[in-house]
Amino acid sequence: RVQLVESGGGSVQAGGSLRLSCAASGASLRWACMGWFRQAPGKEREGVASIYGDGGSTYYADSVKGRFTISQDNAKNTLYLQMDSLKFEDTAMYYCAGDWSRADCNTRRLYYYWGQGNQVTVSS
């Protein structure tokens with residue numbers, strides 16, 4: 001019923017910016033807990049940020065706090081991750097995820113739907 005399609009990945013030099021998008025179809029983000037995750041080679045998947053679509057609080061991993069911003073446009077049914085002041089350590093495959101079940105919204109909860117992933121490469 002739900003599909004998440006990511007876009008916006010690419011290569012950027014350290015200190016630059018990228019914005020990832022995650023377009024949802026089949027359900028409204030107004031009622032979703034949405035998250036961004038990343039996984040670098042040889043590393044476990046890391047929760048980056050989460051947001052609740054009905055005006056709840058956002059969550060950020062300490063490693064990205066102050067540099068990344070999660071947001072969503074309910075009219076476009078699209079989730080975003082604005083990434084500023086990018087570092088080499090941010091290089092990873094980035095995934096958006098969403099879940100419409102009742103639970104606390106954070107990156108440790110279960111997410112049922114996942115995007116296909118977008119590579120972000122930051123050169124030093």
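None of the values given here were measured: they were computed from a predicted structure.
Screening Q82, R67, M83 for a side-chain contact (heavy atoms from CB on, under 4.5 Å) with S17, the sole residue that qualifies is Q82.
Proximity of E6 to Y95: side-chain heavy atoms (C-beta onward) are separated by under 4.5 Å at one or more points. Between L86 and Q13 the shortest side-chain heavy-atom distance does not fall below 4.5 Å. Taking 4.5 Å as the limit, some side-chain heavy atom of L29 sits within range of a side-chain heavy atom of W100. The closest side-chain heavy-atom distance from T107 to V48 is not below 4.5 Å. Taking the side chain as every heavy atom from C-beta outward, R38 and D90 approach each other to under 4.5 Å. Between E46 and S63, the closest side-chain pair of non-hydrogen atoms falls below 4.5 Å. Contact annotation: the side chain of T78 never approaches that of Q72 to less than 4.5 Å [non-hydrogen atoms, C-beta and beyond]. Taking 4.5 Å as the limit, some side-chain heavy atom of L79 sits within range of a side-chain heavy atom of W36.
Nearest heavy atoms, A92 versus A40: CB-N, 3.9 Å. Residues C33 and N106 approach most closely at SG-N, 4.0 Å, considering heavy atoms. The two atoms that bring C105 and S50 nearest to each other are O-OG, 3.8 Å, heavy atoms only. Across F88 and V122, no two heavy atoms sit closer than the pair CD1-O, 3.1 Å. Here the closest heavy-atom approach between residue V2 and residue A27 is recorded as CG2-CB, 3.7 Å. Nearest approach of S124 to A14, heavy atoms of both residues: CA-CB, 4.4 Å.
Residues Y111 and F68 do not share a hydrophobic cluster, clusters being chains of Ile/Leu/Val/Met/Phe/Trp/Tyr side chains in contact below 4.5 Å. If you chain together hydrophobic residues whose side chains sit under 4.5 Å apart, W31 and Y113 fall into the same group.
Within the model, atoms CD of Q39 and CZ of R45 stand 7.5 Å from one another, a figure rounded to the nearest 0.5 Å. Atoms SG and CG, from C96 and L81 in turn, are 10.0 Å apart once rounded to the nearest 0.5 Å. In this structure, Y60 OH and T69 OG1 are separated by 4.5 Å, a value rounded to the nearest 0.5 Å. Within the model, atoms NZ of K43 and CE of M93 stand 15.5 Å from one another, a figure rounded to the nearest 0.5 Å.
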CA sep, side-chain torsions, deciding dist, call: N74, S28, side-chain contact (heavy atoms from CB on, under 4.5 Å): CA-CA 7 Å; N74 289 333; S28 173; 5.7 Å; no

Step-by-step side-chain contact (heavy atoms from CB on, under 4.5 Å) determination, Q116 to L4: CA-CA 8 Å; Q116 81 280 8; L4 303 176; over 6 Å; no

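The residues D99 and R109 are annotated as salt-bridged, a charged nitrogen and a carboxylate oxygen being separated by less than 4.0 angstrom. Salt-bridge annotation for D62 and K65: present, with a side-chain N of the basic residue lying under 4.0 Å from a carboxylate O of the acidic one.
Checked by atom type, the side-chain pair Y80/R19 shows no donor-acceptor distance below 3.5 Å.
Around atom CG of D73, more than 12 heavy atoms belonging to other residues, nucleotides or ligands sit under 6.0 Å away.
Taking the six-membered ring for Trp and the full ring otherwise, the centers of F37 and W114 sit less than 6.0 Å from each other.
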